Amino acid sequence: MTSTAMPARSRPARALTRRHHRRGWAFVAPFAAVFALTFVAPLVYAFGLSLFRDQAFFGGTVFVGLGNYTQALGDPKFWEAFGRVLLFLAVQVPIMLLLALVAAFAIDSARLHAAGFFRMVIFLPYAVPGVVAVLMWGFIYGDHFGLAADLNHLLGRDAVEPLSVNWILTSIGNIVTWEFVGYNMLIFYSALKVVPPDQIEAAAIDGAGALRTIVSVKLPAIRGAIVVATIFSIIGSFQLFNEPNILRTLAPNVITTYFTPNMYAYNLSFGGQQYNYSATVAIVMGVITAVIAYAVQLRGQRKER
Amino acid sequence: MAPPRRHRVVAALAAALLSTAALAACGSPGSDPGSAKATGTQDAVDAALQAGGTITYWTWTPSAKAQVEAFEKEYPKVKVNLVNAGTGNDQYTKLQNAVKAGSGGPDVAQIEYQALPQFALTGALADLNQYGFGAFQKDYTASTWSSVNVGNGLYGLPQDSGPMALFYNKADFDKYGIAVPKTWDEYVDAAKKLHAADPTKFITSDTGDAGFTTSMIWQAGGHPFGTDGRNVKINLNDPGAQKWTKVWDQLVQGKLLSTVKGWSDDWYRALGDGTIATLVTGAWMPGVFKSSVTAGSGKWAVAPMPTYDGQPVSAENGGSAQSVLKQSQHPELAAAFVRWLNHGNGVKPFIASGGFPSTTADLNSPSFLDAADPYFGGQKVNQVLTAASGAVAKGWSYLPYQLYANSIYVDTVGKSYLNGTAIGDGLKAWQSALVDYGNQQGFTASAG
Amino acid sequence: MSSVLRPRRSRTLTAVMALYLLYSLIPLVWLLISATKTQPDLLSTPGLSFGGTFALFDNIGSTFTYNNGIFLRWLGNTLLYVVVGAGGATVLATAAGYGLAKYRFRGRQAVFAVVLGAIAVPGTALAVPTFLLFSRLGLIDTPLAVILPSLISPFGLYLIWVYATDAIPDEMMEAARIDGAGELRIFLAVTLRQLAPGIVTVALFAVVATWNNYFLPLIMLSDPNWYPLTVGLNQWSSQAVGAAAQPIYHLVITGSLLTIVPLVIAFLFLQRFWQSGLTAGSVKQ
């Protein structure tokens, strides 16, 4: 069986009648019902909100059509935030996914001592709650009492300033990488686990070494998982929120309220009660994200032909 | 319970409020004796207290537990659900959501003075004048009373207050032979002297904090925010603001301030080990020192806040009131509870747990004034703090959207701190963002 | 052949990976060491060295007894949300992913597009609409407000979709059909075993996601008695700020450490199911 990448290209048995196929809906229905209530309904609500302008104190709600959208498209704060996450995406996501791939292959290769231990410890950072992350990174990045201070002291100059304007994006990238390498590693690892062993055996019989087996058999076999991980990493980067929001308590002036598009939407809503405009920003961002994610998915399919 | 009738009452009240709001638009708030106030008597409140019932109270103050226990003991028919729905902004978010949804809020909530106008103006809070609480005016310090009066409505009773004073590390000051500064110029000199003597030590820490900035402008005699009904005037470049920035720019640009972030674990650490030598902050600070800066015990002392001309003047920093929500199903009972908390037997347990009250009788009682505090080397700190509460500059008001203002402070004034540029420039940027927002939200906002 | 399937262990590879391990571990080591300190030690000693007194057990004791033992209540709530929420999410995602991978019905592509589109919109901005909607349904301040949204794991759906496409040969399903098995029986008896590694991964992600769920419970719940650990710990942490501040860093840190422990146990428990992946592949021969 050849590897198929994305769901769209699956080939269900042709012998099945249409009646049989329709039963597929029964499997999807429970998910679809809850999804409609918890994701689609608020989204429709938000879309409705985005067509109005509401004054929180005086005056009422006014229908403005696409007025909020034209405002968002010409909003320098929004584009500044967008540019920042785009840069972040271009640099951090490849590094993270590459590290995760290497870790997954290493653990899967059976050439590692104590592989189970590695698998768990690398995954562990993902399990750390946000509150703790603040304290932990405050300790590491702190230029007063933290590890950064110790390092600068050792070097005798201010070599690292993780919370300064020039460093902050790198510092955030580091946290995201630390958190999510293990997460992506597990995706790849479990995808490797469903690679049929006969393919690997066949490569071995052909005399392929470990590296060639990876390149010619394993990598193509988990292409689907890689594409899914990429798509979700893109979405994650565009929605970057937790990490900068956590670091805000440590570097408030460096991280503005519109540091990322998602933070902008959040602060519009919770700081300024500008629910309508906040919904608009979120939807614009969602459309951009979905388009890019979809393009990656199409590309992931095409490459394989 | 007869819902239809209650609705009529609510509608009538709303109409009354609307008419007062309309009137408020004509005169300056609170100063027009001729305006129609929705005054009432306390009879309904007394009756509700006798009848009993259950109410929910949102607060994050640690004193609340003892207070609620004492209240329920005194009025066994009343049950108070004590809920900590989050500190500060976390709670306001929930409160705002509940107001927007029309239900799900508490009967009584703790609200800081700076946030109170926002909730009052969006119609979230009940006007306590209808229960005759306006008569309590004489029992509170002038500054806290004016903080709970918005327009012509009374939207809460003050609980704690935060007249500002200078907390200083006496051990540091003695060691380096620095005199306690009486003026801000002397304070700047002290900052230089201390930092020169030991480069690891700073006069204070400030990375830019909206509450501190507004309090400092307040003390300097500034009136940057003026609200008159729908009209909002913002001038963050008035003489008061200029006076303050002239002093503070020297400290920021001279790198004489520690960049340790306030309320972080590093900050507590620095207060304990002498890295941060003074704090200019509210009178509630001794409680925090005693519970959380144990390493500083015996080292700290309190003095009046430095001033520009040596004449005593102070400002408020922090502090909160308890308000009744308009969506409460038991507004009379809720009002009764608020009255007990802040104008009755609730004040004693509040003081006992380390709170700094707003009621003048308690502030001036001998037992309060003459308590020698071992943490502060036996100093009678309340004498300094009570004096400060009498010296608070008059006529201050916050913006009707102060919570939003504080949230975007980092984008504007924060930049000045970050880049070491003039704070005045940051204040101007803040002002223009606030004027824009006000106009978007239906105010007629203008600069100057 | 054995060189690929049963290769020798490599010290070089292990050493390189150990470097990465160190990177993963340093913050956690800080957490572990910090949990052994008293609050004064925490605020006066360097991060990676122990304090004067070893207070780990005192801290654990205080964490469980502080504020009438509310931590235990939060732990119980979190377990409830995880068992129902993550368990439900795994079931829904598995069934739906399988249905989408193995059946050809009208609207299949639309499901993909709708799910992708919906999750591309940042959830934080949808919090207020969701709140107002749930408020109208009377769900606010109830466990359901937390559980319902966590029943959805779009990522899990895609993973199962991808895995099922690869791991379940159509021939196998047809063979079962010829034997007279119904669709549900095929799913339960044939498919689940094949998908085990994928399901375990999805379950693990769902468990961690629910366990660390912070934002939605923060908005939906105001009664601390329904808080999960994350929101509760954050409340403890924010006690350090403002008038009447009462910082309890030692309890926040110990509580956080205790919060991670059950996840480690869940991981250890779940990871043995990855082994079954190998048998899944051999079945079809």
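All values reported here derive from a predicted model rather than from experimental measurement. Every chain is numbered from 1, with letters handed out A, B, ... down the list of sequences.
For A/Ser269, no part sits under 4.5 Å from any heavy atom of chain B, backbone or side chain. No part of A/Phe139 comes within reach of chain B, as not one of its non-hydrogen atoms sits under 4.5 angstrom from that chain. With a 4.5 angstrom heavy-atom cutoff, A/Val165 touches chain B only via side-chain atoms.
Here the closest heavy-atom approach between residue A/Thr257 and residue B/Val410 is recorded as CG2-CG2, 4.0 Å. Closest approach of B/Ser407 to A/Gly271, counting heavy atoms only: OG-CA, 4.1 Å.
Each of B/Thr275, B/Leu418, B/Leu403, B/Asn419 has some count of heavy-atom pairs under 4.5 Å with chain A, and the biggest count is that of B/Leu418. Heavy-atom pairs under 4.5 Å with chain A were tallied for B/Thr93, B/Val260, B/Thr200; the largest tally goes to B/Val260.
Separating the CZ atom in A/Phe270 from the CG atom in B/Asp90 is a distance of 10.5 Å, to the nearest 0.5 Å. Taking OG1 from B/Thr259 and CG from A/Leu163, the interatomic distance works out to 9.5 Å, rounded to the nearest 0.5 Å.
A/Gln273 pairs with exactly one of B/Gln441, B/Lys100, B/Gln96 by the side chain to side chain contact (heavy atoms under 4.5 Å, CB included) rule, that one being B/Gln96. Here the rule is side-chain hydrogen bond (donor to acceptor under 3.5 Å, both in side chains) with B/Gln440, and of A/Gln274, A/Arg53, A/Gln55 only A/Gln274 fits it.
Of the possible polar contacts, none joining the B/Tyr417 side chain to the A/Asn253 backbone as a donor-acceptor pair under 3.5 Å is found.
For the side chain to side chain donor-acceptor pair (under 3.5 Å) test, residues two or more places apart in sequence or in another chain that qualify with A/Tyr141 are A/Asn174.
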